*Asks:* 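Pasting a structure below so you can have a look.
As the structure lists them, so they are numbered: ligands from 1, and atoms in each ligand from 1. All values derive from a computational prediction rather than experimental measurement.
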Amino acid sequence: VILKHIRYLVTQNSDREILENVDVRVEGDKITEIGESLSGGEEVDCSGKVVMPGMINCHTHVSMTMFRGISDNKVLEDWLHEDIFPAEEEMTDEEVYEGAKLGIREMLATGTTTFNDMYMPERKVAEAVDELGIRAVLTNGFVDIDGEGERKLEMSRDFIEEYLDHPRITPAVGPHAVYTCSPEILEKAREIAEEYDTKIHIHVSETETENRNCIEERGKTPVQHLDELGLIGERTIAAHGVHLNDEDIELLSEKDAAVSHNPCANLKLGSGVADVPKLRKNGVTTGLGTDGPASNNNLNMFDEMKFASLIQKNRDPTQMTEQEVLDMATIDGAEVVGLGDEIGSVEEGKKADLVLVDLDRPDMRPVENTRNLVSNLVFSFNGEVDATMVDGDFVQTNGF
Ligand code: NI
């Protein structure tokens with residue numbers, strides 16, 4: 001298929017080029033050519049449209065759409081222990097699957113083409129991913145507080161083995177956090193990640209309480225504790241990183257660990273504000289995530305970009321420009337989840353994970369040139385995209 005007459009192509013390539021009036025050829029699951037007047041094959045008219053790379057949601061628990069709005073006014077610890085854990089105990093596998101489908105539909109409708117998820121049983125999320133055509137990094141997440149750590153670790157292994165060869169699913173290991181997993185289980189989780197060469201997706205320094213307890217119990221911050229167990233490295237996707245000291249940031253940077261910044265959930269649960277400008281200045285790869293819909297309460301990455309910018313502008317409006325947050329949502333997010341060579345930008349040879357936005361929408365006007373285009377996408381557009389393509393297939397269209 002050829003996407004013809006694209007008004008603006010936001011490539012997110014290394015020069016952050018925005019091309020005007022171009023065509024994009026998609027063959028199979030890949031972008032094979034970008035140029036003018038391409039022909040030969042089925043054509044889709046994209047005049048009056050922006051085409052941009054699909055976004056990467058670097059941290060979520062998609063099935064928690066089922067718990068949207070059940071607990072809106074508590075700090076993380078109360079929210080988790082009083083409302084979420086009890087609700088999850090009652091949750092059926094069917095609800096994990098239905099919740100995932102609901103969340104994936106929302107993500108596709110708002111321009112997300114890849115998400116990094118942690119839940120249980122994750123095979124129900126994988127079924128929904130398989131069915132609805134989105135791309136995902138999936139971990140069968142686990143806690144170790146019920147003495148079932150070993151059994152859950154084996155479930156993680158089984159899950160990884162089952163999905164190692166799926167074209168759109170990348171399995172990973174997901175120990176929940178330092179306060180829910182023993183050092184022994186964390187080390188075993190690392191061994192599985194090494195054995196299968198996967199990412200390790202874990203919550204890190206989300207709240208002050210987590211840090212305080214970890215320091216009291218182990219004499220170290222969560223990052224330093226994890227580092228000692230060998231869990232800070234290229235494989236690491238640390239969700240949150242709200243309460244990191246300079247030493248933590250240096251460790252993350254030195255060892256090439258990545259962070260998912262989740263501003264909406266951090267604000268809503270009163271967890272604090274991650275110092276993302278400092279992380280980025282120190283060379284820590286940082287992406288954006290929504291976290292689960294019980295603490296956000298949506299999965300809209302356009303919202304997340306705006307919040308990621310405003311949460312820093314609160315202190316200094318020169319920080320976190322529209323281009324920086326778009327980078328976090330696309331090319332940097334791709335690096336975070338380990339798919340930087342395949343997704344995150346519109347370039348020849350990459351996967352055809354694309355999003356179409358209509359320029360005629362009131363919330364995208366005026367756009368006279370490329371100067372305010374990214375600004376409009378980040379600060380004014382409500383996220384209702386025209387169409388979403390994953391792996392070369394249109395998997396979602398809003399009347400386009
Ligand atoms: Ni989370």
*Asks:* Given the rule in the salt bridge (charged side-chain N to carboxylate O under 4.0 Å, His left out) test, do Asp353 and Lys351 qualify, once you have shown the distances and angles that lead to the verdict?
*Replies:* CA-CA 6 Å; Asp353 287 9; Lys351 298 279 190 191; over 6 Å; no
*Asks:* Using side chain to side chain donor-acceptor pair (under 3.5 Å) as the criterion, list what pairs up with Ser260, not counting sequence neighbours.
*Replies:*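 So Ser260 forms a side chain to side chain donor-acceptor pair (under 3.5 Å) with Asn262.
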*Asks:* Per the salt bridge (charged side-chain N to carboxylate O under 4.0 Å, His left out) rule, which among Lys313, Arg16, Lys281, Arg280 passes with Glu324?
*Replies:*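 One option only clears the test, and that one is Arg280.
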*Asks:* Got a sec, which hydrophobics cluster with Ile249, joining ILVMFWY side chains under 4.5 Å apart, including via others?
*Replies:* Val178, Leu186, Ile200, Ile202, Val204, Val223, Leu226, Leu229, Leu231, Ile232, Leu244, Leu251, Leu252, Val259, Leu279, Val284
*Asks:* What residues form a ring-ring contact (aromatic ring centres under 6.0 Å, His included) with Tyr163, not counting sequence neighbours?
*Replies:* Phe159
*Asks:* Quick one: which of Asp23, Asn21, Asp45 gives a side chain to side chain donor-acceptor pair (under 3.5 Å) with Lys4?
*Replies:* Asp23
*Asks:* So what's near the Ni ion (ligand 1), protein N, O or S atoms under 2.8 Å?
*Replies:*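 The answer, once waters are left aside, is His59 NE2, His61 NE2, His203 NE2, Asp291 OD1.
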